[in-house]
Amino acid sequence: MNRLLHLGLGNFARAHVMDYTQDAGGWAVTGVSMRSATIRDGLKAQDFDYTLRIHGEGDKRIHVIDKVIVAPEEGQAVIDAIADPNVQVITMTVTEKGYHLDADGLLDLADPMIAREVRGDPLTTAIGFLANGLGKRATPVTVLSCDNRESNGDVLGRAIGDFIDAAGLRMTAEVRFPNSMVDRITPATTDRLRQETGDPMAVPTEAFREWVIEDFFVGARPIWPGVQYVEDVKPHEARKLRMLNGAHSYLAYAGLLRGHTYVHEAIADPGLRRNAQALMMEAAQTLDPDVQEQAEGYAAALLSRFEIPEIAHALRQIAMDGTQKLPYRVIATLRDRTRRNLPSPALTSALSAWVTFCRKEVAEGLALQDPMAEDIARDTNAPALLKLIGAEDISVE
Ligand code: CS2
């Protein structure tokens with residue numbers, strides 16, 4: 001049996017990486033929970049077996065994890081697992097903010113969590129664990145980021161290298177960080193799903209799944225069915241981040257402002273739907289020519305995916321961490337268009353919706369879910385908010 005180590009055991013990992021890995025066969029997974037014991041305790045109580053409710057396809061039992069380490073409880077065990085020669089592939093889903101990058105996409109050494117770890121305090125971040133664990137490794141390994149970031153493998157590899165330098169560590173083993181694009185809409189679990197399945201650890205997801213990975217591995221890899229291995233992930237990543245995630249973020253902020261709760265409600269609101277479609281088309285025009293040919297079909301498919309009421313994807317979930325998401329979901333696209341002298345009314349309205357959303361939440365005294373929540377609350381004027389996401393030169397009024 002080969003072994004895969006996965007950092008970050010949220011619903012997305014359990015709907016995507018675990019489903020693919022089970023389908024591949026021949027691999028067992030050690031999971032690492034980065035923050036709490038909840039998932040470990042829940043999974044352990046049912047022998048690490050859980051229900052994946054796939055919309056339109058029914059329930060599938062997933063049993064590929066056989067061990068979960070809770071990082072805050074057993075930091076050394078995480079380092080040992082990363083260094084373990086029996087682990088051939090390390091995958092991770094720690095969300096956008098789990099990388100602790102600055103506006104230039106480099107490891108933010110001034111970030112208090114990173115600064116403490118560099119000084120030798122107990123580790124808490126995936127970057128710190130990976131730097132320390134990989135530093136102890138003697139055999140080659142592939143570390144595959146599965147987060148929605150531009151050039152996710154490149155930025156991860158660079159961040160780990162910067163941590164290693166800053167902390168005076170050394171890495172001698174060959175480690176590769178392929179870039180990847182992941183796609184599967186996976187909302188949070190609801191009480192209703194728990195009741196229907198009788199499984200407190202059930203995960204809801206859509207039938208659609210897509211995974212495009214840069215063909216840059218060292219050593220063994222699971223034979224994940226349907227994965228597209230490519231030389232360059234960028235065009236696929238841009239299509240997905242700019243069209244799907246860009247429209248998602250727009251629908252989240254504009255939808256919440258209009259009193260909607262779920263993606264399927266927002267996409268049924270004629271004004272929002274029109275603008276989401278327009279945003280997808282603005283994004284499509286920035287894509288590589290061969291990807292552009294698929295854009296219309298892709299946009300139509302996205303609308304259908306957004307329309308499914310059973311998926312019940314909460315807009316609040318997508319609205320989280322806007323400062324981490326908007327730079328490459330919306331701003332990068334806007335900049336590409338400006339360079340080509342193309343107007344971007346729909347993309348601009350997405351930024352404007354974020355600004356209005358932040359202002360409204362702060363005015364109502366609600367705590368924004370964003371690593372920059374304090375900075376957002378300090379000054380909610382548009383230029384100040386846009387500055388936080390590196391877009392101070394863009395006017396949204
Ligand atoms: C969403 C994504 O929460 C969000 O910000 O846009 O999680 C989205 O559902 C996935 O990227 C779909 O693959």
Side-chain angles (χ1 to χ4, degrees), residues 8-20 52-55 91-99 145-150 152 179-190 203-213 226-228 233 236-256 260-267 272 276 279-280 283 298-299 301-333 347 350-351 353-354 357 368-371 389:
L9 279 182
N11 273 15
F12 178 73
R14 285 183 284 142
H16 193 270
V17 182
M18 300 311 152
D19 187 24
Y20 271 98
L52 187 63
R53 161 138 318 168
I54 305 174
H55 175 256
T91 49
M92 68 185 264
T93 48
V94 296
T95 81
E96 294 86 349
K97 63 172 176 277
Y99 289 69
S145 162
C146 305
D147 284 299
N148 284 325
R149 289 207 75 110
E150 242 172 39
N152 54 10
N179 293 301
S180 79
M181 180 274 258
V182 291
D183 188 8
R184 192 168 213 183
I185 292 173
T186 305
T189 304
T190 57
V203 176
T205 196
E206 60 176 342
F208 181 90
R209 61 178 191 177
E210 188 177 12
W211 204 355
V212 185
I213 309 179
V227 165
Q228 211 183 322
V233 172
H236 305 273
E237 170 192 274
R239 160 173 61 84
K240 195 262 174 173
L241 289 174
R242 294 182 176 196
M243 292 180 70
L244 187 159
N245 298 108
H248 249 177
S249 288
Y250 164 70
L251 290 169
Y253 302 119
L256 287 166
H260 300 301
T261 305
Y262 296 109
V263 173
H264 65 269
E265 295 169 352
I267 201 66
L272 299 184
L279 182 147
M280 288 186 200
Y298 186 63
L302 288 180
L303 288 182
S304 315
R305 292 170 63 195
F306 290 174
E307 279 165 355
I308 306 171
E310 292 81 6
I311 289 288
H313 200 182
L315 297 170
R316 284 227 166 248
Q317 190 183 347
I318 300 169
M320 265 173 17
D321 303 336
T323 58
Q324 310 295 299
K325 295 173 174 175
L326 291 174
Y328 46 88
R329 290 183 178 200
V330 172
I331 297 166
T333 327
L347 287 156
L351 272 189
W354 175 70
F357 171 79
L368 270 168
Q369 297 212 40
D370 193 295
I389 53 175

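Computed over heavy atoms, backbone and side chain alike; hydrogens, waters and symmetry mates excluded. Both counts, for ligands and for their atoms, begin at 1 and track the order of listing.
Residues Arg53 and Glu206 are not paired through a salt bridge, judged by the lack of any N-O separation under 4.0 Å between the basic side chain and the carboxylate.
The cationic group of Arg184 does not satisfy the cation-pi geometry with Phe208, failing either the under 6.0 Å distance to the six-membered ring centre or the 45° limit from the ring axis. Under a cutoff of 6.0 Å and an axis angle of 45°, Arg149 and Tyr99 form a cation-pi pair.
Ring centroids of His248 and Phe306 are separated by less than 6.0 Å, placing the two rings close together.
Sorted by chain and number, the heavy-atom contacts of ligand 1 below 4.0 Å come from Asn148, Asp183, Arg184, Ile185, Lys240, Asn245, His248, His313, Ile318, Lys325, Arg329.
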Pair Asp183-Arg305, salt bridge (Lys or Arg N to Asp or Glu O under 4.0 Å): steps then yes or no: CA-CA 12 Å; Asp183 188 8; Arg305 292 170 63 195; 2.9 Å; yes

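The residue from His16, Met18, Arg14 that alone fulfils the side-chain contact (heavy atoms from CB on, under 4.5 Å) condition with Val203 is Arg14.
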